[in-house]
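One structure below.
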Amino acid sequence: MKRFKKRFGHHLFIIVSLFLASCSAFKKNTSEIGPNEGKQIVSVRIKEERFVTKNLQATQMTEFYARYSGRDYFIKFCESQISREDLEGYLTRVNKKVLNLEMEIRRGRWDICDQNYSRQSRTGDYMIVYGIMTDEM
């Protein structure tokens, strides 16, 4: 019985050690920002893409995305403190595609700006923009 307890204790120690080591290996990268982590100032590449419907038809409407940390985030203007026109004007004026933005990443519905949740919407992480950080200050 003594031998069994000793072996069991040894095996338990190994299992717990391996579990703790694997947990630390999956620890979140602190350079990535997730939903609801507050305002951040980041450098992002802005790109404009045509909206594609669910049946894969490209439309004339375009949307803006911000490339950050290896992902493209939809920019939701109705929650942002800048308008689409503000961003377009700034991109045209400075002729740059990489901008410093004060932004926040949220998770939710991309296409719904009012409380009409009966409409279908794309969901997931998206970006809201509080401001464009310029060199003009």
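Nothing here was measured: the structure is a model prediction, and the numbers come from that model. For the single chain, residues carry numbers from 1 onward in sequence order.
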ask   = Run the side-chain contact (heavy atoms from CB on, under 4.5 Å) check on Glu102 and Gln81 step by step: do they pass?
value = CA-CA 10 Å; Glu102 182 178 17; Gln81 292 181 1; over 6 Å; no

ask   = Considering only heavy atoms from C-beta outward, does the side chain of Leu91 approach that of Ile46 to under 4.5 Å?
value = yes

ask   = Has Asn55 got more than 12 heavy atoms of other residues, nucleotides or ligands less than 6.0 Å from its CG?
value = yes

Heavy-atom donor-acceptor pair, Thr59 side chain to Phe51 backbone, under 3.5 Å = yes

query = Do Leu99 and Tyr73 share a hydrophobic cluster, counting only Ile, Leu, Val, Met, Phe, Trp and Tyr and linking them when any side-chain heavy atoms are less than 4.5 Å apart?
reply = yes

request  = Please report the shortest heavy-atom distance between Tyr126 and Arg107, naming the atom on each side.
outcome  = CE2-C, 3.9 Å

query = What class does the angle between the rings of Phe74 and Trp110 fall in, given that below 30° is parallel, 30 to 60° is tilted and above 60° is perpendicular?
reply = parallel

inquiry  = Tell me which one of Lys97, Arg84, Arg67 satisfies salt bridge (Lys or Arg N to Asp or Glu O under 4.0 Å) with Glu48.
reply    = Arg84

request  = State, yes or no, whether a side-chain contact exists between Tyr68 and Leu101 at a heavy-atom distance under 4.5 Å.
outcome  = no

ask   = Does the side chain of Asp125 come within less than 4.5 Å of Arg71's, by heavy atoms?
value = yes

Flag side-chain contact, heavy atom, 4.5 Å: Arg50 against Gln60 = yes

key: Shared hydrophobic cluster, Val52 / Ile75 (ILVMFWY, side-chain heavy atoms < 4.5 Å)   = no

Hydrophobic cluster identity match, Ile132 and Tyr130, side-chain contacts under 4.5 Å = no

query = When hydrophobic residues are tied together by side-chain contacts of less than 4.5 Å, even through go-betweens, does Ile82 share a cluster with Val44?
reply = yes

inquiry  = Give me the atom names and distance for the closest heavy-atom approach of Ser80 to Val129.
reply    = OG-N, 2.8 Å

message = Can you confirm whether Lys76 sits close enough to Cys113 that some side-chain heavy atom of one is under 4.5 Å from a side-chain heavy atom of the other?
response = yes

request  = Check whether any side-chain heavy atom of Tyr90 lies under 4.5 Å from a side-chain heavy atom of Thr134, and answer yes or no.
outcome  = yes

